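By convention in this document, chain letters (A, B, ...) are assigned in the order of the sequence lines, proteins followed by strands, and residues within each chain are numbered from 1. Just so we're clear, the structure is a prediction, and the values are computed from it rather than from any experiment. Computation of the quantities below employed the complete heavy-atom set of this structure, encompassing side-chain atoms and omitting hydrogens, waters and symmetry-equivalent molecules.
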Number of protein chains: 2
Amino acid sequence: MRIAIVSVGHSKFGKRDDVSVQELAFESFKEAMENSNVDKKDIDASIIGSSPEYHKQRSLPGVITEYLGLNPKLTYLTEAACASGSAGMSAACAYIKAGLANTVLVMGVQKMLELTTPEISSLLGRVGDVQWESVFGTTFAGYYAMYANKHMAEFGTKREQLAKVAVKNHHYGFMNPKAMFQKEITLEKAMGSRMVAYPLTLYDCCANADGSACVILTNEELAKKYTDEPVFIDALGYASAEMSVLRRKDLSSVPSTVLASKMAYKQAGIEPKDVDVADVHDCFTIAEIMAYEDLGFCEKGQGGKFIDDEQTYIGGKIPVNVDGGLKTKGHPIGATGTSMFVEGFKQLRAQADKRQVSGAEVALTHNIGGIGQYCFVGILRR
Amino acid sequence: MRIAIVSVGHSKFGKRDDVSVQELAFESFKEAMENSNVDKKDIDASIIGSSPEYHKQRSLPGVITEYLGLNPKLTYLTEAACASGSAGMSAACAYIKAGLANTVLVMGVQKMLELTTPEISSLLGRVGDVQWESVFGTTFAGYYAMYANKHMAEFGTKREQLAKVAVKNHHYGFMNPKAMFQKEITLEKAMGSRMVAYPLTLYDCCANADGSACVILTNEELAKKYTDEPVFIDALGYASAEMSVLRRKDLSSVPSTVLASKMAYKQAGIEPKDVDVADVHDCFTIAEIMAYEDLGFCEKGQGGKFIDDEQTYIGGKIPVNVDGGLKTKGHPIGATGTSMFVEGFKQLRAQADKRQVSGAEVALTHNIGGIGQYCFVGILRR
């Protein structure tokens, strides 16, 4: 059975102190409901992808499904750090394939900015091992700085190449009205911004954000009833990896990305070169460069050259993050994974406005949790 | 396809400041692995049922699967307040039925007692709506006290009848070496204990606890390889309900219990009278009395008389919580749902020692999240 996406919705990402978490969920839900023939009563289950500890409200599925009017159907929350939304997508696909549900809402939603930056940094750092690592003050930027330093030492990757990823993603984020930052930046500005964790400067880092993005899934048969233009999920690969950096064999690669993408390519019967447009997990610019390599878009160690050659711009070999990526959309961790599916859906329906990849038929989503403890890779096809 | 449980494990519940959360998970995992032929490499997915916000460690699946040696397979966390473990069971069944996984570990695990009682009360209270309810100081005991007062006013239920539930559950908890409290109590002691939220006294309330309980599931075919005595999950019904008490039509019943149990009975092709032994969600004694009624074990309003007549003791119509229930096992919220499946498994394999229900063939699990926002009802058969 093929799984079809029949509608999607996406809130404005950014600092959203104008809404509660349930109102934020409603923004994307309303959009999804208005753009399809799905009725609330058709929704058999609502999976909420989120990292709950950022919210004063506990147990989000209760308050959200009540607000959206989705009781008394199945609901619960999935959490896999920054891949919580994709974990929800995986669960939803399982219920539909099992015949346990026909139509499922996956709601990725997150409010982070009620907390201060130090509070958020502390929570994010504690996704790392609190017994052996975060006790020494590891931060998320610090973890990814280790990746960057190793990649630079091993492959000669340069700070300019990291900054070029930021320049590209700001270029496309400028065209995305839902992005947190809609402005172009120059290479000089990115290079000259203040240091966060060497070699990562401010513009190498994505921003904490509030936002929601949702996806409505069903089986191939029912999809015809809800829309004339379904998009199919041909694969959703997944893998996990050790939490502790000390147990990793190689710090210039994310092993769960390699495994999850191999699983996805095999399920979908495609190769990396068949991908027309990709959303990859660019929480930091080095993460996007490693993703080019770990997903097989280029050879290992050639990620820096790949961006130098503008191969991930529209017109290059594989356009990447042409919605702006986490880097400019912002990274509301529970909503990030579903946001990638929203973009893939729009690209394959040729509804991505100025950032449209012409004739796109295969889209890829790549969502990492933590420093690669979790990874989900989706393959969408129109 | 039938889903089979092939092994289970259960830690000692209670104040477990002798172990970290991953060590606590390991205790039940070790027991499950030792009691079956399952090998770690056979486990395709690990679903962690937990409410993450009680732990200093964030994103538990990462640290737990690393500690248990279960990478690089699928893992994420499911949360549905006190039904987080059963939500994980539901997800696991979906992956197996969909053919996306063969063998799945569901690990319910929770450490609560690193926090103080006021901190726990605040977190639990905020499972209720923080915008409209918890802001006024609602606590979990307060919510269930509302249920109790309504039930007393409407059906003439008496405080003695609530206390009799506590006496029964302490009677059986006394026989469960994994229970937090292993001591009998008298009706006088229960009645005379200090008031928590009228009419609920100390002995009407379950205790916050640390603990883990895990279940290994597979399909019917593979089950034969792992054990000679599989137990089958013939149904896992579910429902949700409004979060706000103000939107509930009736406060003497939990609507999600009624719906989830009807779904489960229908799936399993049985009636309430066919149940030989049940674990129901007795977070407070009134919750057990309402469960008798909402699950159809007795008529609405007759729950008090049902315990007066000792119908839920071994030898009565339907023995309930003969493992001691949440009341004496303790209530480590993420582990509570899986703990019920552990008891059902043991009862159906006639491995429940002194608390064995002779000849039990059908077991029921009933796990509520919050004040009934979530409910899962499982039907097990040997």
**Gap separating the OG1 atom of A/T75 from the OH atom of B/Y238, nearest 0.5 angstrom** = 11.5 Å
**B/E221, CD atom: more than 12 neighbouring heavy atoms under 6.0 Å** = no
**Request:** Considering only heavy atoms and a distance below 4.5 Å, find which of A/E79, A/Q22, A/E242, A/R247 pairs most often with chain B.
**Result:** A/E79
**Asked** Are any of the side-chain heavy atoms of B/S59 and A/Q373 separated by less than 4.5 Å?
**Response** no
**Asked** Under 3.5 Å, side chain of A/S240 to main-chain N/O of B/K73, donor-acceptor pair present?
**Response** yes
**Prompt:** How would you list, in number order, the residues of residues 44-56 of chain B that have a heavy atom less than 4.5 Å from chain A?
**Reply:** B/P52, B/E53, B/H55, B/K56
**Request:** Keeping the roles fixed (side chain from B/E66, backbone from A/S244), state whether a donor-acceptor pair exists under 3.5 Å.
**Result:** yes
**Request:** For A/Y374 and B/G62, indicate whether the former's side chain and the latter's backbone hold a donor-acceptor pair under 3.5 Å.
**Result:** yes
**Message:** Strictly less than 4.5 Å between heavy atoms, which residues of residues 82-89 of chain A line up against chain B? Please order them by number.
**Reply:** A/A87
**Fill in**
When the 4.5 angstrom heavy-atom criterion is applied to A/Y67 and chain B, the contacting part is neither
**Fill in**
By residue number, those in residues 90-101 of chain B with heavy atoms under 4.5 Å from heavy atoms of chain A are B/S90, B/A91, B/A94, B/Y95, B/K97, B/A98, B/L100
**Asked** In residues 121-139 of chain B, which residues are in contact with chain A at a heavy-atom separation under 4.5 Å?
**Response** B/L123, B/R126, B/V127, B/G128, B/D129, B/V130, B/Q131
**Largest heavy-atom contact set with chain B, pairs under 4.5 Å, which of A/T65, A/L77, A/T78, A/L259** = A/L77
**Request:** Give, as side chain, backbone, both or neither, the part of B/A241 having an atom under 4.5 angstrom from any heavy atom of chain A.
**Result:** backbone
